[in-house]
Amino acid sequence: MYIDFNSEIPIYLQLAQAIEDNIIRGTFEEESQVPSTTEVSINYKINPATVAKGYNILVDEGIIYKKRGIGMFVCKGAKEMLTEKRKKSFFENYVECLIEEAKKLDISIDEIIKMLERSK
Amino acid sequence: MSVIQVKDDTKYYGKLCAIENISVSIEPGKIYGLLGRNGVGKTTLQNLMTNRLFPNSGEIMVDGESITENDRVLEKMFLMTEKNLYPESFKVKDIFYWTKEFYSKFDLEYAEVLCEKFELNKNKKFKSLSIGYKTISKIITALASNAEIMMFDEPVLGLDANHRELFYKELLANFMEEPKTIILSTHIIEEIAKMLDRVIIINARKIVIDDSTENLLKSAYCVSGMSQNVDKYIEGKTCVNIEQMTSFSFVIHTQYSSQGLKE
């Protein structure tokens, strides 16, 4: 798991997102173990409380769960749930940015559609 | 776990005031960053907290007990200084041996494991070591002290990137193995920022900020644009840094007032 931390978003959110990305990509399969909070804390040199905060978000959302004494595991159905969630935010995260940049460069919607078709 | 309370401390070196009416409470089980420019009083504050220096006025308590000449309380605290105070003839292993005399919980086995990880030969004389390895010897001594409060003043002086990385990782592993209070004072802020629970910033003999890392980061903003617009926007705000290139400005401002009080 590689995380390129930037300073604009809180670390715990970036961490939660990185784990989500890996679940969506299939790196962390459902019912498989994800890195422990201790491992993450040491590897990325992050305060343990920050790591716990990131993991707690995922636990609350039903994406990972804790097996007492063993570690954290990916919930069944997590991949589908996350994919749905990301699809919902796809418009505001990607399409809106695309339109904004296109406006700045005076690229019309038609031209964008042509570009998209070309990249198929 | 122990709480350190610094109450209204002032310290003069002759006529020079190093610290002025500082009050701060260090909560247990947290990692603190003690930050500030050169010569603002960071080392003085740490020396006062460990009774190596005595304040001209004010007092320092650990768990409600005064630290002055109080060995039982002082044993709970270990300060790694940038100064090298060991006798010339000491080998690294002698430092471990003598530290154990003063810190009864000193873990020799752990110190040896760390020596191997850092590739430090404990049979070498301390004075013959390079700057980096002198620092490493002191880091290892601090980590193995098993003190409830570990203070590090310039802990990465002379360390290469790999050794700094190893130090941060060992420090976190140690912290998670047995929760304790850690105070880190360094100028390489980017490298430790993610590790800190709280940040204390000293400026001109006084504490200007004492807050959680999260609040501190949330309170800082960057603005950039045409100078005339930026100037209007920053009016009345506390600016940390202002840079200008022709008619453009780049400003970092915070919600803290210059006295360190939240607006």
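Remember, it's a predicted structure, so these values are computed and weren't measured experimentally. Convention: sequence-line order gives letters A, B, ...; per-chain numbering from 1.
Atom CD of A/E30 has more than 12 neighbouring heavy atoms from other residues, nucleotides or ligands inside a 6.0 Å radius. More than 12 heavy atoms of other residues, nucleotides or ligands lie within 6.0 Å of CD1 in A/I99, so this atom counts as buried by the packing criterion. Summarising the local packing, CD of A/E29 is surrounded by 12 or fewer heavy atoms from other residues, nucleotides or ligands at distances under 6.0 Å. The 12-atom threshold is not exceeded at CG of A/D106, counting heavy atoms of other residues, nucleotides or ligands nearer than 6.0 Å.
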List, with distances to 0.1 Å, the donor-acceptor pairs found between chain A and chain B - the cut-off being under 3.5 Å and no angle criterion applied.
from: A/K45; atom 1: NZ; to: B/E165; atom 2: OE1; distance (Å): 2.8
from: A/N47; atom 1: N; to: B/K194; atom 2: O; distance (Å): 2.8
from: A/N47; atom 1: ND2; to: B/M195; atom 2: O; distance (Å): 2.7
from: A/N47; atom 1: ND2; to: B/D197; atom 2: OD1; distance (Å): 3.2
from: A/N47; atom 1: ND2; to: B/D197; atom 2: OD2; distance (Å): 2.9
from: A/K53; atom 1: NZ; to: B/E214; atom 2: OE1; distance (Å): 2.9
from: A/K53; atom 1: NZ; to: B/E214; atom 2: OE2; distance (Å): 2.9

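When the ring-ring contact (aromatic ring centres under 6.0 Å, His included) test is applied to B/F106, the partners found at least two apart in sequence or on another chain are B/F96. Under the side chain to side chain donor-acceptor pair (under 3.5 Å) criterion, A/Y65 pairs with A/E31, not counting sequence neighbours.
The part of B/M176 that comes within reach of chain A is its side chain, from C-beta onward, which places non-hydrogen atoms under 4.5 angstrom from that chain.
Between the CD1 atom of A/I46 and the CG atom of B/L196 there is a distance of 12.5 Å, given to the nearest 0.5 Å.
Applying the salt bridge (charged side-chain N to carboxylate O under 4.0 Å, His left out) test to pairs two or more places apart or on separate chains, those with a residue in residues 12-22 of chain A are A/E20-A/K85, A/E20-A/R86, A/D21-A/R86.
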